[in-house]
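Accompanying notes for the structure given below.
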Amino acid sequence: MATRKTPKTAAPKTTAAKAKAAPAKAAPAAPKAAKAKAPAKAKAPAKAAKKAAVGAVEAALDPRQETRRWFRNAKFGMFIHWGIYALIGKGEWIRTVDKIPLEEYNKLQPAFNPKRFDPEAWADLAQRAGMKYMVITTKHHDGFCMFDAHNTDWKVTKTPYGKDVLAEVTRAFVNRGLEVGYYYSIMDWHHEDYLPRLEWEKADRPEAGHDVMDYIAYMREHIRQLMTEYRPAPFVLWYDGGWMNKPEELGGVETNAEARRLKPDILINDRHFTKEDLVTPEQRIPATGMRDENGEPQLWEACITMTSHWWGYDKNETVYKSKEFLIRMLVDIVSKGGNLLLNIGPKPDGSIQKEFRDRLEAIGRWMEKYSEAIYDTTASPFNLLPFYGRVTTKGSRLYVHVFEWPGDRIVRLPNLKNTIQEAYLLGRKKALLPLAREGADWAIKLPAKAPDQAASVLVVELDGAPSVDPVVIVPDSRGVIHLPALYGSLEGPHGQRIRYESRDGVIHAGNWVRSPDSISWRFQAPAAGTYTLVLEQSVEAGQGGTPFEIFVNGKTAAKMAPNGVPFSTGDGAIVGDAALSFTTRSTGGEFKERRVGTILLQAGENTLKLVVGKLAHQSSMDLRGAVLRPLR
């Protein structure tokens, strides 16, 4: 792996955020967070014992609390999308994408006979990958039941295969000590009473004479069966497809209450658009984890494919996320307090394709060495890191995951107030690493070579629970504000593509190939004023012409579902007019500075966000960072 060189974009000047620096109203969550991370006081053991006792009582009263605790510690699960759509091999949405009439789609049922289906092999693969649980599609949007549903013949037991796939898969995973969850689509393109109809088939399948609550009665029979006939599963009822109707129109609260009456320890996700246990961002990683309206951490799980798009088997797929990227993605999600639900789409014969197997085996080999830094950990105490990596926490121990070895072989932990007792590479405790206090930071000297190409892990033993002041970007002595890509938040809606990449050992925001993916920074300005914005960017030859918008202190509106209810996964669109806009120009693939205009900053905290528009070609630009220079 290439070593990281000193970035051309100067490092930002930062300072520790002080509690008295801003009114309490400016950051209502900060006092709580600071208190939670402060070193223990004399009465802490008594408080901890009281908290544990309260927790035990809560768990006894609410069996879900134990499931929530287990889930929060499990971190990593397998998602399985499998159904008769696999026979076509163009993904799980193929019926509507190709506008296949119902009578034509029905012909898939007598062709389903997966002769290479081996649930034991599926479970073994998940276990070797280091996964602690699995969620499988019991019924996708096409309405086909992969279990022996009692109220329909549109099911797997009425195919030539003839067996209850759900029962077989559940048994195999449970026998290996893996928990099992059930995905269930509220949307149903097959059932005559599910409404609304797909737009393209409304003429052939009129809605008149049908009542969606008759469908809900059908669906509730499925929920009752799934909650009672496959014990100990499921640990989670993982809804999907609830975005076409308001939850009150479908009796969502009542359905979930019945599920919990039948299985009190069940977790339920957010996709029936009722407030439940689990938030599930899809094909994206929230920039800073997930919090509720009060700023409190939520239980969340990012579901992501290894492919470029579809969840179900796609015979035409050629683009797969790399092994290194998937490992770093797992670490990234866990460092933000979440779980990763990583998808596979088995083939129609029941086998799992080599691309999935190879990647899961690679993750498993990494987990064999480093799982201690994943399971049972909590989120990073650092808001920003000056190196390419992430941090997870367990008690008084930090696990520092280094993705790219810094050129100077120094890892700096900013504003860490604790004393570091020792630091070493995970698995090499006897070889202690040199460390030193540098002002508010701690510096740890790394060995010459990274032990792992994807992510090497340092163990940092502290004198107590981590106590860290947030990093705040402030101007340097000349009043210049430096905003390197590493200090930005990479964001995008469903299907986010933007990510960190490296060239010549320097990190940049890359793979910026999908609108409206963005990068944003939060920083301080001492006074209101005008600044010149300069980008250090690279555009390949022949790839110019893509528009970008730049927003200063913009507001974000929640993304709305077709049912008129906001999605709970945090992604949204920025509202208001852009402060600047520009169109990319080729730099011949070299990183060069470009002045794009001037912006007005307010005194105090500011945000700057760059959003890509519709791509003119295959790529837009790579960005090492931005610089704001005050106009004199």
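Aromatic ring centroids of His401 and Tyr370 lie 6.0 Å or more apart.
Rounded to the nearest 0.5 angstrom, Arg594 CZ and Met621 CE are separated by 8.5 Å. Taken to the nearest 0.5 Å, the NE2 atom of His508 stands 7.5 Å off from the OG atom of Ser538. To the nearest 0.5 Å, atoms CD (Gln496) and OG (Ser518) are separated by 8.0 Å. To the nearest 0.5 Å, the span separating CG on Leu299 from CZ on Arg69 amounts to 12.0 Å. Going from atom CD1 of Ile473 over to atom CH2 of Trp521 covers 9.0 Å, rounded to the nearest 0.5 Å. The CD1 atom of Ile507 lies 13.0 Å from the CG atom of Leu623; values are rounded to the nearest 0.5 Å.
A side-chain donor-acceptor contact under 3.5 Å links Thr587 to the backbone of Val539. In this structure, Thr378 contributes its side chain and Thr393 its backbone to a donor-acceptor pair below 3.5 Å. Distance alone, capped at 3.5 Å, is enough to place a donor-acceptor pair between the Lys336 side chain and the Pro286 backbone. No donor-acceptor distance shorter than 3.5 angstrom exists from the side chain of Glu605 to the backbone of Arg522, with no hydrogens or angles considered. The backbone N or O of Gly338 lies less than 3.5 Å from no partner atom in the side chain of Lys75, so there is not a single donor-acceptor pair. The backbone N or O of Ile374 sits nowhere less than 3.5 Å from a side-chain atom of Thr392 that would complete a donor-acceptor pair. The backbone N or O of Ile519 sits nowhere less than 3.5 Å from a side-chain atom of Trp512 that would complete a donor-acceptor pair.
Under the rule for a side chain to side chain contact (heavy atoms under 4.5 Å, CB included), the partners of Lys417 that lie at least two apart in sequence or sit in another chain are Ser467, Asp469. The side chain to side chain contact (heavy atoms under 4.5 Å, CB included) search around Arg409 returns Trp405, Lys445, Leu446, Ala448, not counting sequence neighbours. The ring-ring contact (aromatic ring centres under 6.0 Å, His included) search around Trp311 returns Phe79, His81, not counting sequence neighbours. Tyr399 is linked by a ring-ring contact (aromatic ring centres under 6.0 Å, His included) to nothing, counting only residues two or more places apart in sequence or in another chain. With sequence neighbours excluded, the residues that form a side chain to side chain contact (heavy atoms under 4.5 Å, CB included) with Asn606 are Phe523, Ala525, Asn553, Leu601, Gln602. Partners of Ser520 under the side-chain hydrogen bond (donor to acceptor under 3.5 Å, both in side chains) rule, at least two apart in sequence or in another chain, are Glu491.
Using a 4.0 Å cut-off between a side-chain N of Lys or Arg and a carboxylate O of Asp or Glu, Arg328 and Asp332 do not qualify as a salt bridge. The pair Glu593-Arg595 does not count as a salt bridge, with every side-chain nitrogen at least 4.0 angstrom from each carboxylate oxygen.
Classification of the Phe548-Phe582 ring pair by plane angle, with boundaries at 30° and 60°, yields parallel.
In plain terms, the two heavy atoms of Gly464 and Ser396 that are nearest each other are O-CB, 3.3 Å.
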